[in-house]
Amino acid sequence: MTKLVMRRIYDKNLPSGYRVLVDRLWPRGMSKVRADLDLWAKEIAPSAELRKWFGHDPEKYLEFKNKYLDEINNNPYTKEFLKSVKEALQTQDVLILYSAKDEEHNDAVVLMEYLNSNI
């Protein structure tokens, strides 16, 4: 059985699978060869305005989460993104990759919750 897995793109020894970067900006210091992505889904990432407002401040996380979920629900790319993830899950694990240092308060955590509820 295949599964969704969330990891920081800088982690060593990432598991194998369909690799999806969900950041709007390319991770600093990461080469495209090393990233070895199957999909860079920057369109599903939070808007630049929301990302800058949040600034990875844990105190703003709950409000950020609600605003980001609203963006996901109103994003015309969401349907295509879900389809890509579902198709990949039919044959392999899907790695949701992000670059944020805070592993508990970031957009990938919100997106994983969304995916787990909608796939």
Side-chain angles (χ1 to χ4, degrees):
M1 187 170 156
T2 59
K3 61 185 180 264
L4 281 171
V5 179
M6 183 179 71
R7 293 284 190 276
R8 192 164 184 255
I9 196 165
Y10 300 110
D11 288 352
K12 292 185 172 137
N13 302 321
L14 289 171
S16 63
Y18 186 80
R19 297 166 62 109
V20 181
L21 177 64
V22 296
D23 288 346
R24 188 167 297 275
L25 303 175
W26 188 260
R28 287 187 183 156
M30 177 63 59
S31 72
K32 294 196 182 204
V33 171
R34 184 172 161 221
D36 191 25
L37 298 178
D38 294 291
L39 176 64
W40 181 12
K42 57 186 164 188
E43 299 90 349
I44 202 68
S47 65
E49 298 81 17
L50 182 57
R51 180 180 51 80
K52 289 175 186 175
W53 169 83
F54 175 47
H56 296 282
D57 180 350
E59 291 183 13
K60 293 181 178 177
Y61 181 72
L62 289 177
E63 188 175 354
F64 165 77
K65 178 179 175 178
N66 291 330
K67 289 179 178 187
Y68 181 37
L69 285 171
D70 188 51
E71 284 189 356
I72 293 170
N73 286 319
N74 292 298
N75 186 337
Y77 177 70
T78 299
K79 186 175 180 180
E80 180 182 336
F81 177 71
L82 287 172
K83 182 180 176 201
S84 298
V85 171
K86 285 179 186 179
E87 285 176 2
L89 279 170
Q90 292 178 6
T91 58
Q92 59 192 317
D93 290 347
V94 173
L95 278 70
I96 301 299
L97 301 170
Y98 66 95
S99 61
K101 290 179 185 176
D102 186 335
E103 297 181 9
E104 295 177 27
H105 305 100
N106 66 62
D107 56 299
V109 172
V110 177
L111 186 58
M112 277 293 289
E113 288 179 27
Y114 180 85
L115 288 171
N116 284 322
S117 297
N118 290 279
I119 289 186

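Just so it is clear, the values below take in all heavy atoms, side chains as well, and ignore hydrogens, waters and symmetry mates.
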Only distances under 3.5 Å count here; give the side-chain donor-acceptor pairs of residues 50-58 to other protein atoms, sequence neighbours excluded, each with its distance to 0.1 Å.
unit_1 : atom_1 : unit_2 : atom_2 : d
Asp57  : OD1    : Glu59  : N      : 2.9

Worksheet item: Hey, what do you get for CD1 (Ile44) to CD1 (Ile72), rounding to the nearest 0.5 Å?
Response: 5.5 Å
Under 3.5 Å, side-chain donor or acceptor atoms of residues 80-91 against the rest of the protein: list the pairs with distances, not counting sequence neighbours.
unit_1 : atom_1 : unit_2 : atom_2 : d
Ser84  : OG     : Glu80  : O      : 3.1
Thr91  : OG1    : Ala88  : O      : 3.4

Worksheet item: To the nearest 0.5 Å, what is the distance between NZ (Lys67) and NZ (Lys60)?
Response: 8.5 Å
Discussion item. Please tell me whether Met30 and Ile96 are part of a single hydrophobic cluster in this structure, the criterion being side-chain heavy atoms less than 4.5 Å apart.
Written reply: no
Worksheet, complete the sentence: For residues 104-119, the salt bridge (charged side-chain N to carboxylate O under 4.0 Å, His left out) pairs (sequence neighbours left out) are Lys65-Glu113
Fill in: Minimum heavy-atom distance between Ser47 and Glu71, given as atom pair plus value
OG-OE2, 2.7 Å
Worksheet item: Is Thr2 close to Tyr18 at the side-chain level, that is, under 4.5 Å between some pair of heavy atoms?
Response: no
Discussion item. For residues Val20 and Ile119: do they belong to one hydrophobic cluster (side chain heavy atoms under 4.5 Å, members Ile, Leu, Val, Met, Phe, Trp, Tyr)?
Written reply: yes
Worksheet item: Has the side chain of Asn73 got a donor or acceptor atom that lies under 3.5 Å from a matching backbone atom of Leu69?
Response: yes
Worksheet item: With the 4.5 Å side-chain cut-off for hydrophobic clustering, are Leu25 and Val22 part of the same group?
Response: no
Worksheet, complete the sentence: Residue pairs passing the salt bridge (charged side-chain N to carboxylate O under 4.0 Å, His left out) test with at least one member in residues 16-38, sequence neighbours excluded, are none
Item to complete: Output the distance between atom CZ (Arg7) and atom CD1 (Ile9), rounded to the nearest 0.5 Å.
Response: 13.5 Å
Worksheet item: Do Ser16 and Gln92 come close enough that some side-chain heavy atom pair is under 4.5 Å?
Response: no
Worksheet entry | OH on Tyr68 to CG on Asn106, rounded to 0.5 Å | 9.5 Å
Worksheet item: Are Leu111 and Leu97 co-members of a hydrophobic cluster defined by side-chain heavy atoms under 4.5 Å apart?
Response: no
Worksheet item: Could you give the distance from CG (Leu39) to CG (Leu95), rounded to the nearest 0.5 Å?
Response: 12.5 Å
Worksheet item: Partners of Asn116 by side-chain contact (heavy atoms from CB on, under 4.5 Å), sequence neighbours excluded?
Response: Leu4, Met112
Worksheet, complete the sentence: Contacts of Arg8 meeting side-chain contact (heavy atoms from CB on, under 4.5 Å) (sequence neighbours excluded), chain-then-number -> Tyr10, Asp11, Tyr98, Lys101, Glu103
